[in-house]
Amino acid sequence: MRLKNKVALITGAGSGIGLQTALRFAEEGAKVVAVDIQEVNGDVVVDMIRKKGGEAAFCQADVSKAKDCERMVAFAEETYGRLDILFNNAGIMHSQDDNAETTEEDVWDLTMDVNVKGVFLGCKYGIPALRRAGGGSIINTASFVAFLGAATAQLAYTTSKGAVLAMSRELAVIHARENIRVNALCPGPLRTDLLMKFLNTEAKKQRRLVHIPMGRFGEAREMADAALFLASDESSYMTGSEMLVDGGITAAYVTPE
Ligand code: NAD
């Protein structure tokens, strides 16, 4: 019960990393506020947690909208009395996201609105709530692509994740003496809806797999375990860090055959 008596708000909780983290946090005793833009997905998560005897509530919100972010944080405090853990995890990877010449402005704007502004707004309204609780842990989902350039272009997405890293670092420094920790989780490529819809052919998958030392995509559950460590008091001396959970990708020049 590593999160006993803690209240955790997780965005993008309806699928992939957010869903697995919601389940994992609940197993460890957290009261979970599951946030997603999709009503149906969120309800499923809450049902899954309650069936296992955990505590969870759903709040439908679009993280790119200030009013929604303000409302989701208020919902967490009204429902469970406090907020201790904020996992800004919702993100999108647009199928039309490509290189500088071909990416349309609306694709760029949407990606930035959800992936960057969404994290900013989560922090804007979440930080005062964490302060009211006496401190807490913020985890922002970035990506390994913030560290490496890829010839398989997705410029808006890559740029957005670089921004999440820079934002997390600065917030960590600003709030370090308020007992509010801010860390970035940087997943490698995962076998979740987000990436598998994007890599919709075997050739596209192989083009990535050859660069992964472990030779496989990661699992959302493996990110949930990393998020659990960052959320729990076990990481009490960690702030401003970039936790890479990437199967060794960023360490590799040549991978095993
Ligand atoms: P996913 O698509 O499986 O789940 C994302 C969830 O976010 C969905 O339930 C979706 O409805 C929700 N969402 C989308 N836009 C939203 C919005 N505006 N407001 C609220 N909720 C919204 O994706 P995932 O793979 O679990 O990705 C989660 C995070 O991890 C994202 O930030 C993504 O960029 C990042 N990431 C994923 C991978 C990967 O390979 N899957 C790798 C590195 C980083």
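Order of listing sets the numbers, starting from 1, for every ligand and every atom in it.
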Task: Contact partition for A220 relative to ligand 1, non-hydrogen atoms under 4.0 Å - done: neither
Open item on the list: Test of understanding: given a 4.0 Å heavy-atom threshold, classify the contact between L190 and ligand 1 as side chain, backbone, both, or neither.
Closed with: both
Task: Neighbour count above 12 (heavy atom, 6.0 Å) for E234 CD - done: yes
TODO: With heavy atoms of G16 as the reference, note each atom of ligand 1 found under 4.0 Å away.
DONE: 3 (O), 26 (O)
Open item on the list: Heavy-atom distances under 4.0 Å decide this one: backbone, side chain, both or neither, for N89 against ligand 1?
Closed with: both
Open item on the list: At less than 4.0 angstrom from any non-hydrogen atom of G91, what atoms of ligand 1 do you find?
Closed with: 31 (C), 32 (O)
TODO: Closest by any non-hydrogen atom to atom 38 (C) of ligand 1: pick that one out of G188, C69, G42, S143.
DONE: G188
Task: Minimum heavy-atom distance D62-D68, with the two atoms named - done: N-OD2, 2.7 Å
TODO: Taking only heavy atoms of I92 into account, list the atoms of ligand 1 that are under 4.0 Å away from them.
DONE: 14 (C), 15 (N)
- [ ] Determine, for E219 against R191, whether the closest basic-nitrogen to carboxylate-oxygen distance falls under 4.0 angstrom.
- [x] yes
Task: Heavy-atom nearest neighbour in the protein, as seen from atom 2 (O) of ligand 1, with distance rounded to 0.1 Å - done: L194 CB, 3.4 Å
Task: Where ligand 1 meets D62 - atom numbers and elements under 4.0 angstrom, heavy-atom basis - done: 17 (C), 18 (N), 19 (N)
TODO: Could you find the nearest protein heavy atom to atom 35 (C) of ligand 1 and give me its residue, atom name and distance?
DONE: T141 CG2, 3.5 Å
Open item on the list: Using a 4.0 Å heavy-atom cut-off, which part of A13 comes near ligand 1: side chain, backbone, both, or neither?
Closed with: neither
- [ ] List the closest protein heavy-atom neighbour of atom 19 (N) of ligand 1: residue, atom name, distance to the nearest 0.1 Å.
- [x] V63 N, 3.0 Å
Open item on the list: If you measure every N or O of D36 against every N or O of ligand 1, does any of those distances drop under 3.5 Å?
Closed with: yes
- [ ] Please report which non-hydrogen protein atom sits nearest to atom 24 (P) of ligand 1, along with the residue it belongs to and the distance in Å to one decimal place.
- [x] T192 OG1, 3.8 Å
Open item on the list: Tell me the protein heavy atom at minimum distance from atom 7 (O) of ligand 1, and give that distance in Å.
Closed with: G12 CA, 3.3 Å
Open item on the list: Closer than 4.0 Å to some heavy atom of G14 - which atoms of ligand 1 meet that?
Closed with: 9 (O)
Open item on the list: Assigning hydrophobic clusters by single linkage (Ile, Leu, Val, Met, Phe, Trp, Tyr; side-chain heavy-atom cutoff under 4.5 Å), is L86 placed with V116?
Closed with: yes
TODO: Looking only at protein heavy atoms, identify the closest one to atom 26 (O) of ligand 1 and say how far it is in Å.
DONE: I17 N, 2.8 Å
Open item on the list: Looking at K4 and E27, is any side-chain nitrogen of the basic one under 4.0 Å from a carboxylate oxygen of the acidic one?
Closed with: no
Open item on the list: Can you tell whether the side chains of R132 and E77 come within less than 4.0 Å, N to carboxylate O?
Closed with: yes
Task: Ion pair R50/D47, N-O distance below 4.0 Å - done: no
Open item on the list: So F25 and V32, do their side chains get closer than 4.5 Å, heavy atoms only?
Closed with: yes
- [ ] Please confirm whether K161 comes under 4.0 Å of ligand 1, counting heavy atoms of the residue only.
- [x] yes
Open item on the list: Can you name the atoms of ligand 1, numbered from 1 with element, that are less than 4.0 Å from a heavy atom of A142?
Closed with: 44 (C)
- [ ] Give the contacting part of F217 toward ligand 1: side chain, backbone, both or neither, where contact means a heavy-atom distance below 4.0 Å.
- [x] neither
Task: Atoms in ligand 1 flagged as close to A61, the criterion being non-hydrogen separation under 4.0 Å - done: 19 (N), 20 (C)
TODO: Identify whether the distance between the nearest side-chain nitrogen and carboxylate oxygen of K6 and E28 falls below 4.0 Å.
DONE: no
- [ ] List for me each residue that meets side chain to side chain donor-acceptor pair (under 3.5 Å) alongside T239, sequence neighbours excluded, and say none if there are none.
- [x] none
Task: Taking atom 16 (C) of ligand 1 as the reference point, the nearest protein heavy atom with its distance - done: I37 CG2, 3.8 Å
Task: M243 side chain reached by C186 side chain, heavy atoms, under 4.5 Å - done: no
Open item on the list: Counting non-hydrogen protein atoms only, what is the nearest one to atom 1 (P) of ligand 1? Give residue, atom name and distance.
Closed with: S15 OG, 3.6 Å
Open item on the list: Quick check on M214: does its CE atom have over 12 non-hydrogen neighbours (other residues, nucleotides or ligands) under 6.0 Å away?
Closed with: no
Task: Within-shell test, P189 vs ligand 1, heavy atom, strictly < 4.0 Å - done: yes
Which atom pairs, one a donor and one an acceptor, fall under 3.5 Å between side chains of residues 193-203 and the rest of the protein, sequence neighbours left out?
| from | atom 1 | to | atom 2 | distance (Å) |
| --- | --- | --- | --- | --- |
| N200 | OD1 | K204 | NZ | 2.9 |
| T201 | OG1 | K204 | N | 3.1 |
| E202 | OE2 | Q206 | NE2 | 3.3 |

Task: Joint cluster assignment, I10 & V73, ILVMFWY side-chain distance < 4.5 Å - done: no
TODO: Determine whether any heavy atom of Y157 lies closer than 4.0 Å to an atom of ligand 1.
DONE: yes
- [ ] Can you establish whether the number of heavy atoms outside E170 located under 6.0 Å from its atom CD is more than 12?
- [x] no
